[in-house]
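Worksheet: one structure, shown below.
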Amino acid sequence: MAIPDTQQAVQLLRYPVGAPQAGDFGLSRLAVPQPAAGQVLLRTHILSLDPYLRPLLAGRYVVPRPALGSVVPGMGLARVVRSDQQSLAVGEWVVGETGWCEYAVAEPAQLRRIDPALAPVSTALGVLGIPGLAAWAGLGSIGRPQKRETVLVSTATGAVGSVAGQLAKRAGCRTVGIVGLEDKRQFALDEFGFDACVSYRSPSFVDDLHAACPDGIDVYFDNVGGALLEAAISLLRMHARVVLCGLSSQYNQDQRPPGPNLGPVIGARARLEGLVVYDHLHRFAEFQAEVAPLVRSGALRYREEVSEGLELAPQAFVGLMQGANRGKVLVRVGDPS
């Protein structure tokens, strides 16, 4: 394919203060990068928009925040369009750090090959990507759900929570979801099979949660932290397990709020453990071998919200951080057919 000299890219114009705004980002034309020795050139087809970008832009992540004027970082599904590496041929599908742009360069060792026969290629960014791995690894290694236990999951219609809930259901558990928007409650029940679901924005949230979990909970898969974590730990049964996967309630805040009272964790002799999905990357093949057949057969459902065009990435990210999404948020940059 002919490779142009310039490309569309989204640059970081200012660091967000509070919730991100579309004006924090700007669409530009930049030169297409040239691969150095040992690198390959990628054509981005689908971008993954993820909540971790907000703390990254605030300088509260494991890597330094990007400089103003640089291309907004992010994972993408891409195709190799130029390569002199035997390990990675032109035409292969990969996932890697592309940034919000049409073309990117990368080291082959930094990329994950995608088998398009496994499932629709977009799933490599969601249900069969890092979000799915986080749900599978967190539930399996920390939550360890057993038959007839009650598993509570926050952000139940999100990319991680929806998978965690379905895997817990397959393990024979009763699953209860927590969502924000009221209209997501029925969606969690109908689309992802939760047995019950409550909205944390309801004035009666705490009462609703107790009514949905009358006998307490055995596992809490937490993607939010803050007040939701505090409400959940008051329901912990003896020897319950808490998977700390995310802190989305803090991502738009300039300072971290005071933490919840963890006294009930001690009283319940509960296990509360942090999940960093990158610790489980070596298990990707095991994860996909178990979950991909479920995705192909329809036994494990997923939802993708796709915006068409790189120029819509900022607004899609704003919506994600406002909790407006149902499922995995993606931006199509090119035709992946």
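In this structure, CG on L128 lies 4.0 Å from OG1 on T123, to the nearest 0.5 angstrom. With rounding to the nearest 0.5 angstrom, the OG1 atom of T6 is 9.0 Å from the CG atom of L30. Distance CG/L41 to OG/S83: 10.0 Å, rounded to 0.5 Å. Q8 CD to L310 CG: the interatomic distance, rounded to the nearest 0.5 Å, is 5.5 Å.
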Which is it for V153 and V176 under the side chain to side chain contact (heavy atoms under 4.5 Å, CB included) test, yes or no, and what are the steps along the way?
-> CA-CA 6 Å; V153 181; V176 180; over 6 Å; no
Would you check, one step at a time, whether the test side chain to side chain contact (heavy atoms under 4.5 Å, CB included) holds for R65 with L57?
-> CA-CA 5 Å; R65 69 178 179 178; L57 297 180; 5.7 Å; no
Audit row: W100, V333, side chain to side chain contact (heavy atoms under 4.5 Å, CB included) steps and yes/no | CA-CA 9 Å; W100 292 10; V333 181; over 6 Å; no
Kindly determine whether V72 and F25 satisfy side chain to side chain contact (heavy atoms under 4.5 Å, CB included), including the steps that lead there.
-> CA-CA 8 Å; V72 179; F25 312 95; 3.6 Å; yes
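Residue R174 comes nearest to A196 through the heavy atom pair NH2-CB, 3.9 Å, listed as atom of the first residue, atom of the second, then distance. Contact record, I217 with A232: CD1-O, 3.6 Å, taken as the closest heavy-atom pair. Residues L111 and A106 approach most closely at CD2-CB, 3.8 Å, considering heavy atoms. Shown here for P145 and V219, the closest heavy-atom pair between the two residues is CA-CG2, 4.5 Å. Closest heavy-atom contact between L189 and D195: CD2-C, 3.9 Å. Closest heavy-atom contact between V198 and D208: CG1-O, 3.6 Å.
Between L228 and F205 there is a side-chain heavy-atom pair separated by less than 4.5 Å. Here the side chains of C173 and T150 are not in contact, with every heavy-atom distance at 4.5 Å or above. Here the side chains of Q21 and P16 are not in contact, with every heavy-atom distance at 4.5 Å or above. No side-chain heavy atom of L42 sits less than 4.5 Å from a side-chain heavy atom of V105. Contact check for Q7 versus R43: no side-chain heavy atoms found under the 4.5 Å cut-off. Contact of the D218 side chain with the V151 side chain is not registered, since no non-hydrogen atoms from C-beta on lie closer than 4.5 Å. You'll find the side chain of F317 reaches within 4.5 Å of the side chain of L53, heavy atoms only. Between Q186 and E191, every side-chain heavy-atom pair lies at or beyond the 4.5 Å cut-off.
Among the candidates K328, E304, R332, the single residue satisfying the side-chain contact (heavy atoms from CB on, under 4.5 Å) test with S122 is E304.
Relative to the six-membered ring of F187, R326 meets both conditions, a distance below 6.0 Å and an angle of at most 45° to the axis. Both tests do not hold together for R301 against F192: distance to the six-membered ring centre under 6.0 Å, angle to the ring axis within 45°.
Under a cut-off of 6.0 angstrom, the local environment of CD in Q86 is sparse, with at most 12 non-hydrogen atoms contributed by other residues, nucleotides or ligands. The environment of R170 atom CZ is sparse: at most 12 non-hydrogen atoms of other residues, nucleotides or ligands sit within 6.0 angstrom. Within 6.0 Å of CG in D190 there are more than 12 heavy atoms belonging to other residues, nucleotides or ligands.
The six-membered or imidazole ring of H280 lies away from that of W136, with a centre-to-centre distance of 6.0 Å or more.
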